[in-house]
Each structure stands twice: as C-alpha cells, then as structure tokens.
Amino acid sequence: MNYITTVVDDSTAVADAIAQLIRDKTLSKSRQDLPFNLAVSGGSTPKTLFQVLAQDEYRNTIPWQSVRLFWVDERCVPPTDAESNFGMTYDALLQYAFIPSSSIFRMKGEDVPEDEARRYADQLHKLLPVKDGVPVFDLILLGMGDDGHTASIFPDQMHLLHTGKDVAIATHPVSGQKRITLTGKVINATEQLIFMITGKGKAEIVATIVGQQEGAKKFPASYVHDKTGNTEFYLDKEAAAYLPAISIVS
Ligand code: 6PG
C-alpha cells in the first residue's frame, strides 16, 4: 500500500481541496467528451464538500453536465429520511440542480436491500468502464468512521472487502441498520481513491493506518486503495496530529 497524505488547516480547507480536484478532473474529462464517474460517501465530512461545491466558485466553473454521480453506500431508508446519504447530498448540493437528474444514480434505500444491491451492481456494469469484470470509477471519495469503517464495511464484516459481489448488504454493528455498500472488489478497482478525514477523534486511527502499524489490520479503511495500490488521505491538522512530519505532504 502506498499512502499519499495531504494536510490542510481545517475541514473547509479539506473540502475546498477536494472540490478543486473534482473541478480539474471534470474539466479534463469534459474536454474529452467523457463523463466523470464519481462515487461519494455519506457522513458529515462529505457534507462539507457538497456545501462547498454548491458555492458560486464551483457552481459556475464545473461542467456539471459531465459529472455522473454514484454512491459508495446508502442506508436502507427512504431518500426523505434524515439518515439518507442521498437525502443529505440533495439538501447540500443536488437541490440546486447542478447535475442533470439523468446523471444521478442513487442507491434506492427504500427498496428490498438484496434486490437493490443486484440492481445497482447491474447499473454499474452498464454505465461504467469494466476492467477484468469489475466496474471502474474515476474517483471514489471515502470517509472513515471512528471505528475505522469505510463505506459501510464495518470491522465485524471484513468479508465485504473480499467478497465476489460488487454491491452487498451490510449491517451497522450498533444500530442494526441495514446498509447497501460497494465492496472491496469495486472500491479497489477505482482509478483514484481519496479519504476525506477530519477531527482529532480519528487522529489515532489515521496514524495507525498511514504508519502501517500492526493495529491497522482491524480497520477496514486500511484495506482499500486504488487500482495501482495508492490511497490518498486529505486530512485537516487535527486528524493528522499523530502523523510524523515526513508523511505530511502539504
Ligand atoms: C456512511 C458513510 C460512512 C462515513 C464515515 C465517516 O454512510 O455513514 O458512508 O462511511 O463516510 O462514517 O462519517 P463522518 O464524516 O460523519 O465522520
């Protein structure tokens, strides 16, 4: 695994750095008349990114018609539920109708989980480039929970990192809430993989993973990477607090 770490002041700076990267990548794809296939996660860290993307700075400079938006995971609730990752993204970004609705591919948390997992996997195979039988995103944006989970792959469900399925059903270990999630098979095939992690509560796990310490093995977040084995971490100073200076790129 090769970890590339970018450290900026705070969560807004993390969001702005990722927003700039999304703009650059989308412009590049747009110039090639190609879509930018982006999969996003839920949670408070991605929400800050969506709020930044909704600002004029990005609203007026990203060729939104080239963005095709997918989800990394979704709670098995209706899109109107407060728990919905799609609902959060709609409130923070999509309500401003930047991205054509025909380019928004949500996981339908209101449907039977197993049926939706199959439907979503089929949709990925139809819409994305497929290499060695695996759908390939241009960019997957991940968050990381306080327990080291990512996507909806929790420490007690590590098999989802290695399953032959592209999309699977997970269960939140505390609430029992069912989740639909991309699996390690799809996540690890992506062109680019970025973790957005902020806050001091995650600093210890970040240092354990980036430092490739023995304890990292119990965290699902330590097993994901892009197709070349790289994993990029965009961190605020709090989340990077325990990293040795040499691993701080900027
Ligand atoms: C989810 C997410 C999950 C999230 C992390 C980080 O559906 O909850 O996909 O993986 O990204 O738990 O969440 P925070 O950014 O809120 O800490």
Side-chain angles (χ1 to χ4, degrees), residues 8 10-19 38-53 69-93 105-110 113 116-117 120 137 139-158 160-161 167-184 186-188 190 193-206 209 218-225 231-236 238-241:
V8 291
D10 54 29
S11 59
T12 305
V14 168
D16 192 64
I18 303 284
L38 169 62
V40 295
S41 291
S44 58
T45 313
K47 182 175 181 178
T48 308
L49 167 64
F50 302 145
Q51 290 168 333
V52 166
L53 285 170
L69 191 62
F70 300 81
W71 272 261
V72 170
D73 61 340
E74 182 57 277
R75 291 79 182 276
C76 292
V77 296
T80 51
D81 189 293
E83 279 280 298
S84 167
N85 286 341
F86 169 82
M88 179 274 283
T89 312
Y90 180 84
D91 290 345
L93 175 60
F105 304 97
R106 71 179 181 93
M107 292 172 168
K108 296 179 179 175
E110 68 275 25
E116 177 56 11
Y120 207 74
F137 284 98
L139 173 60
I140 293 181
L141 285 177
L142 295 176
M144 185 186 75
D146 291 332
D147 60 354
H149 84 261
T150 191
S152 281
I153 303 175
F154 296 96
D156 66 344
Q157 295 157 69
M158 297 281 236
L160 296 178
L161 290 164
V167 183
I169 305 306
T171 304
H172 191 283
V174 176
S175 67
Q177 182 186 64
K178 288 283 184 203
R179 305 275 188 97
I180 300 164
T181 186
L182 296 185
T183 63
V186 172
I187 293 171
N188 291 340
T190 186
L193 185 141
I194 291 179
F195 273 108
M196 295 176 57
I197 304 176
T198 61
K200 55 181 175 297
K202 299 180 182 173
E204 198 170 331
I205 294 185
V206 165
I209 293 174
K218 61 180 181 288
F219 302 131
S222 70
Y223 292 87
V224 293
H225 50 77
T231 302
E232 296 176 64
F233 288 82
Y234 279 68
L235 309 168
D236 67 356
E238 286 189 349

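Hydrogens, waters and symmetry mates are skipped; everything else that's a heavy atom, side chains included, is used. The structure presented is a predicted model; accordingly, all values stated were derived computationally and were not measured. Remember, it's 1-based here, ligands and their atoms both numbered in the order they're listed.
For atom 15 (O) of ligand 1, the nearest non-hydrogen atom of the protein is T45 OG1, 2.6 Å. At the top of the distance list for atom 4 (C) of ligand 1, counting protein heavy atoms only, stands G42 O, 3.4 Å. Of the protein's heavy atoms, K202 NZ, 2.4 Å lies nearest to atom 17 (O) of ligand 1. Of the protein's non-hydrogen atoms, S44 N, 2.7 Å is the one closest to atom 16 (O) of ligand 1. A151 O, 2.7 Å is the protein heavy atom nearest to atom 10 (O) of ligand 1. When hydrogens are left out, the protein atom nearest atom 8 (O) of ligand 1 is R75 NH2, 2.8 Å; that is the closest non-hydrogen contact.
Every atom of ligand 1 is numbered from 1 in the order shown, and the set under 4.0 Å from a heavy atom of G145 is 5 (C), 12 (O). Which parts of ligand 1 touch D73 is read off a 4.0 Å heavy-atom cut-off, strictly below it: atoms 1 (C), 2 (C), 7 (O), 9 (O). Using a 4.0 Å cut-off to heavy atoms of R179, the atoms of ligand 1 that qualify are 1 (C), 7 (O), 8 (O). The contact set between ligand 1 and S41, taken as ligand atoms under 4.0 Å from a residue heavy atom, comprises 9 (O), 11 (O). Close contacts of ligand 1 with G143, meaning ligand atoms under 4.0 Å from a residue heavy atom, involve 11 (O). The contact set between ligand 1 and M144, taken as ligand atoms under 4.0 Å from a residue heavy atom, comprises 5 (C), 6 (C). Close approach to H149 involves these atoms of ligand 1, each under 4.0 Å from a residue heavy atom: 3 (C), 5 (C), 10 (O), 12 (O). Interface of P46 with ligand 1, defined as ligand atoms under 4.0 Å from a residue heavy atom, comprises 15 (O).
Two residues are said to be in side-chain contact when any heavy atoms from C-beta on lie closer than 4.5 Å; M107 and L182 meet this criterion. Counting heavy atoms from C-beta on, the side chains of C76 and Q177 never come closer than 4.5 Å. A 4.5 Å side-chain heavy-atom check between I153 and Y223 finds every atom pair outside the cut-off. Between P79 and E110, the closest side-chain pair of non-hydrogen atoms falls below 4.5 Å. Between T45 and L49, every side-chain heavy-atom pair lies at or beyond the 4.5 Å cut-off. In this structure the side chain of V167 never reaches within 4.5 angstrom of the side chain of V186, judged on heavy atoms. Side-chain contact between I180 and I169 is present, with at least one heavy-atom pair separated by less than 4.5 Å. Between L93 and Q51, every side-chain heavy-atom pair lies at or beyond the 4.5 Å cut-off.
The minimum heavy-atom distance linking L160 with T183 is given by the pair O-CB, 3.3 Å. Among all heavy-atom pairs drawn from P155 and H149, the shortest one is CD-CB, 4.0 Å. Minimum heavy-atom separation, F154 to D147: CD2-OD2, 3.8 Å.
Here's the thing with G43: none of its N/O atoms is less than 3.5 angstrom from an N/O atom of ligand 1. Some N or O of N85 is nearer than 3.5 Å to an N or O of ligand 1, by distance alone.
Under 4.0 angstrom from ligand 1, there are no non-hydrogen atoms of E74.
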